[in-house]
Structures are given as C-alpha cells and as structure tokens.
K.L.:
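Got a structure here, written out as structure tokens. Questions coming.
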Number of protein chains: 2
Amino acid sequence: MSLRHALLALLEAGPMTGYELAKQFDASAGYVWHAHHPQIYTELRRLEAEGLVEAEEAPRGAAATKRLYVVTDAGCDALLAWVAESDEPARERDPVLLKATYLEYGSFDVARGHLRRHRDHHRRMAAGWEAHADDLERRDTTLLRRRLAHSPRHAHEAIVAYKVHVYRGLSERSRGEVRWAEQGLELVDRLEADAGPVGDSPVNPPTPPERRSPAS
Amino acid sequence: MSLRHALLALLEAGPMTGYELAKQFDASAGYVWHAHHPQIYTELRRLEAEGLVEAEEAPRGAAATKRLYVVTDAGCDALLAWVAESDEPARERDPVLLKATYLEYGSFDVARGHLRRHRDHHRRMAAGWEAHADDLERRDTTLLRRRLAHSPRHAHEAIVAYKVHVYRGLSERSRGEVRWAEQGLELVDRLEADAGPVGDSPVNPPTPPERRSPAS
DNA sequence: TTACTCATGTAAGTAGTTACATGATTCC
DNA sequence: GGAATCATGTAACTACTTACATGAGTAA
C-alpha cells in the first residue's frame, strides 16, 4: 500500500489535481514510485472517502472544472504513522535477473542484446537520477520549493538531504547495473571465444525430459 | 508474466511437484523470483491447461498421491521464445526509497532505525547470494547438477557462468545497499549534530495546508 | 501422540494494467 | 481548424496476497 502514501506525501507539498500527481509519477527522473492514471484517480477517491484528503472543485477555463486535492489532518497522521512503522524487506522479484539466469537458452547474440539494452537503459537512468539529485541540492524543483516554503527553516537541511540521498542512491544503483551488464558482455565474449564458431544458434536449447540423451 | 517462465525454467531441470517448486522460490538464497504457493498451484494448472506442462500422478506413501509436473515441447518452445524476446525496462517502484525520501516526517532515531534494518538485511542477503554463487561455481547444487546431467558438455560452462553472474550481481547489489544505508546513517548523525538536542521528536511533521504558517 | 514436513488446494480480497471513452482548453 | 495538452473517469482483466482448509507421512 505504498501508493496512498506516495500520494499523501506529494499532496503534503501542496494541493494538486489527479492529473498533476500522475505527471509526477510519470517523470522518470522525478519520482521513485510509478502508477498509471486510472489507479491514481481510484485511489484518490478512496482516500477522500476515508477522510485522508479533501477535494476542492476548482474552475478550469470557462465551463470545465477540476478537483484539487488537499491533505487533511487525518492524512498527515497517516503519513506520520507510515514513516514511524517499519516494514519487512521485500522478496526478490526481478524479471531481468530471472531471464539472465537462463541466457543459455538463447544464442550469444541474444544474450548480448539483453545486456546491451540493460546497460544503455541504466546509463540513461543514472544520468537522469544524478541530474535530479543536482536539482534537489540546488533546491531547484517546484515541488521542493513548495515544500520548503511551508516548513520551519531548521528542517530545510534534512528535507533536502534525505531526498538527495535517495536520488544519489538510485544513480549509484544504476551505475552498478551498468557495471554488471558490462561484466556480462565480457563474459559472453569469453564464452563465445571458448565455444568457437557457432553462428546464431541457442547455446543450450531447453528440452523436455523424454527427448533427453545422457550428457554428451 | 515472469512466474510461468520461472516455473517452466525450473521444470526444465527435471520434473517436480508444486510443493518443491514453492520451496525453491522460498529459499531466499536460492531463487530470484518469489511466489506464494497458492499462486504456484494455480499457475501450474493453467500451464497444464495450455499444454506447456504435463502432470504425472505419482504415489506418495500408501494412500496419498502427488502431481509431478513435466515440461512439454510447447513449454520448451515458450522458454525459447521468452529468452529471445526483449522486454522494456520496469518503472521504479521501491517502498524503501519512497519512505527514505520522506524521513524528515520522523525523528532522527526513526530514520536510523530504517537505515540500520536496511543495512543489516542486505548484509545478510549479500552473504547469502555470495554463498549461493560459490555453490554454483563448484557446481554443488542439486538443481544445477540435474541441469548439467542432461545438457551437452560444450554448454556446461555457459550454463554455470550465467547463473554465477546473476548471483554475484545480486550480491554486489546488496553490498551497494549496505553502502547506501551506511552513508544514510552518517548523514543522520551530521543532521542531528547540526540540529542540536531535539530529543525523539519528528524533524518536520507533515501539516495540512490550512494550518500552515509562512516559513519561520 | 504429538509435532513437523509433505502435499494440494479454494476463496476472498488488494494492487496494478490495459483498453475504452469523453470532452474542454490552449496554442499554432 | 487541428493538434497537443489538460482533465477525469469506467470496465475488464491479470497478478499477487492472505486466510482458511484438509489430510497423509514420518520420526521422536
């Protein structure tokens, strides 16, 4: 149930529409939680029903309206309780590593393709997280400025530092992924050199037990 | 839909019951995908209905029976297609980092608690992954031995190496998490030193917009 | 006989995804 | 006038979790 707390924490910075919240989640460099808009709108209605947020119907142009959501006292209590409470660690569930475990079912080129995409993706991510951490350190994001504007000065350092720590951590994580993928690419090269010319065929195609011959 | 492929890949090593598959997923050091047994039994029935696995009713003691699942040709084709296909990268969704972003809602001690638990967890995990990678490298796990026993010798090096690469990667990831948590703990110490004596009160408790005074 | 592991499920609920749908506003 | 963006939803589905339920086998 992290979504509700992600929403409450964003709204604690200031009133927002569901649409704006969704945009925050979509900005890949901007947020550590992702959700699609149908889930956001649904959850906002639920939070409203539970009294953790309130909606102000606001005008939008001439005829249209939008719903500006605002955290309530109860919402703030929920945030306080959430931060105080300790959660047990998540179990491993990573589609990339799962597939990487069985790369022998494909050819060396298939393996290289996966590893290169992983490497390139995390190079981009590392740069994005790093840039966002820099923005936070310069206190140069709308959300952070809104947050600091209503917080006591003595808390500013901590508010900024915790966020910078998270995004530097994400950037470091992504750099780790890049190193891992690069090591993988070297491994594939070594394996292919050992194997000799094998073309683009699977190294060890999966076989059902009936068809199996004892190891050759 | 990684679960079905995780199951197929495990079964490709040799026939197993749902119970044994669930145990593989539960062994924290043993597997990169986690699932609870009801999901596993359900998915196995589905795979059976789709013809990707077949079940052999096997005796268990005097009166009881168990269902041994076996991959079919179609199941192997599905594995082959899965490894060949490239998946777009997952969006960020990490409850630990989400909470770490808002540690200022709690006291310094609350922050320390979260970071210490994270550090300790990942120390244990790193050791576990590392030990498993060592076992794989020595070709000293039941599953791997079963796998090698029905694979052509020229593929053995790759089969082992890809798995070792994954578990070394996991271990390296966890060491990264330990470093991140340690840096976080140093950060909390610095912040608390700067703040002076504040006891165990929240650094910046969340407040609804109505009650806000312009920054003090 | 008691406790533990082996073994397999159902049922209800929550969380997240994908497709479909609509309409106003703003900028070129 | 057309395209992009703002804005909000419903409905159907898939994935995952939690609680409940049962019973045989095995070793102390």
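What you see is a predicted model, and the numbers here were worked out from it, not measured in a lab.
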K.L.:
Given atom CD of Gln24(A) and atom P of dA7(D), what is their separation to the nearest angstrom?
P.N.:
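Going from Gln24(A) (CD) to dA7(D) (P), I get 13 Å.
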
K.L.:
Write down the distance between CZ (Arg67(B)) and C1' (dA24(D)), rounded to a whole number of angstrom.
P.N.:
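So the two atoms are 17 Å apart, to the nearest Å.
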
K.L.:
Rounded to whole Å, how long is the line connecting atom CZ of Phe25(B) with atom P of dA7(C)?
P.N.:
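It is 17 Å, rounded to the nearest whole Å.
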
K.L.:
Can you tell me the distance, in whole Å, between the CG atom of Asp26(A) and the P atom of dC6(D)?
P.N.:
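Going from Asp26(A) (CG) to dC6(D) (P), I get 12 Å.
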
K.L.:
Between Thr42(B) and Arg46(B), does any side-chain donor sit less than 3.5 Å from a side-chain acceptor?
P.N.:
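No.
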
K.L.:
Starting at atom OH of Tyr41(A), determine the distance to atom P of dC6(D), rounded to an integer number of angstrom.
P.N.:
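In whole Å, dC6(D) P lies 11 Å from Tyr41(A) OH.
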
K.L.:
Could you grab the distance from atom CG of Leu52(B) to atom CG of Asp73(B), nearest 0.5 Å is fine?
P.N.:
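Between atom CG of Leu52(B) and atom CG of Asp73(B) there are 11.0 Å.
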
K.L.:
Looking at dG9(D), dA7(C), dT8(D), which one has an atom nearest to any side-chain atom of Arg45(A)?
P.N.:
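Shortest atom-to-atom distance from the side chain points to dG9(D).
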
K.L.:
Name the residue closer to the 5' end of DNA chain C, choosing between Thr42(B) and Glu20(B) according to the nucleotide with the nearest heavy atom.
P.N.:
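Nearest nucleotide further toward 5': that of Glu20(B).
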
K.L.:
Rounded to the nearest angstrom, tell me the gap between atom OH in Tyr19(B) and atom P in dA24(D).
P.N.:
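Taking OH of Tyr19(B) and P of dA24(D), I get 17 Å after rounding.
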
K.L.:
Side chains of Asp135(A) and Thr141(A): donor-acceptor distance under 3.5 Å anywhere?
P.N.:
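The answer is no; no qualifying pair exists.
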
K.L.:
Just how far, in rounded Å, is P of dT17(D) from CZ of Arg91(A)?
P.N.:
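Rounding to the nearest Å, CZ of Arg91(A) and P of dT17(D) are 10 Å apart.
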
K.L.:
Would you say the side-chain atoms of Glu12(A) and Tyr105(B) include a donor-acceptor pair closer than 3.5 Å?
P.N.:
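Glu12(A) vs Tyr105(B): donor-acceptor pair found between side chains.
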
K.L.:
How close do Arg147(B) and Ser151(B) get, heavy atom to heavy atom, and via which atoms?
P.N.:
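Smallest heavy-atom distance, with atoms named: O-OG, 2.6 Å.
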
K.L.:
Between His118(B) and Trp180(B), does the ring centre distance come in under 6.0 Å?
P.N.:
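Ring-ring flag for His118(B)/Trp180(B): true, centres closer than 6.0 Å.
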
K.L.:
Once each nucleotide of nucleotides 15-25 of chain C is scored for protein heavy atoms under 4.0 Å, what B/S/- sequence comes out, 5' to 3'?
P.N.:
SBBBB---BSS

K.L.:
Within this structure, what is the CD1-to-P distance between Ile40(B) and dT8(C), rounded to whole angstrom?
P.N.:
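Spelled out: CD1 on Ile40(B) to P on dT8(C) is 11 Å.
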
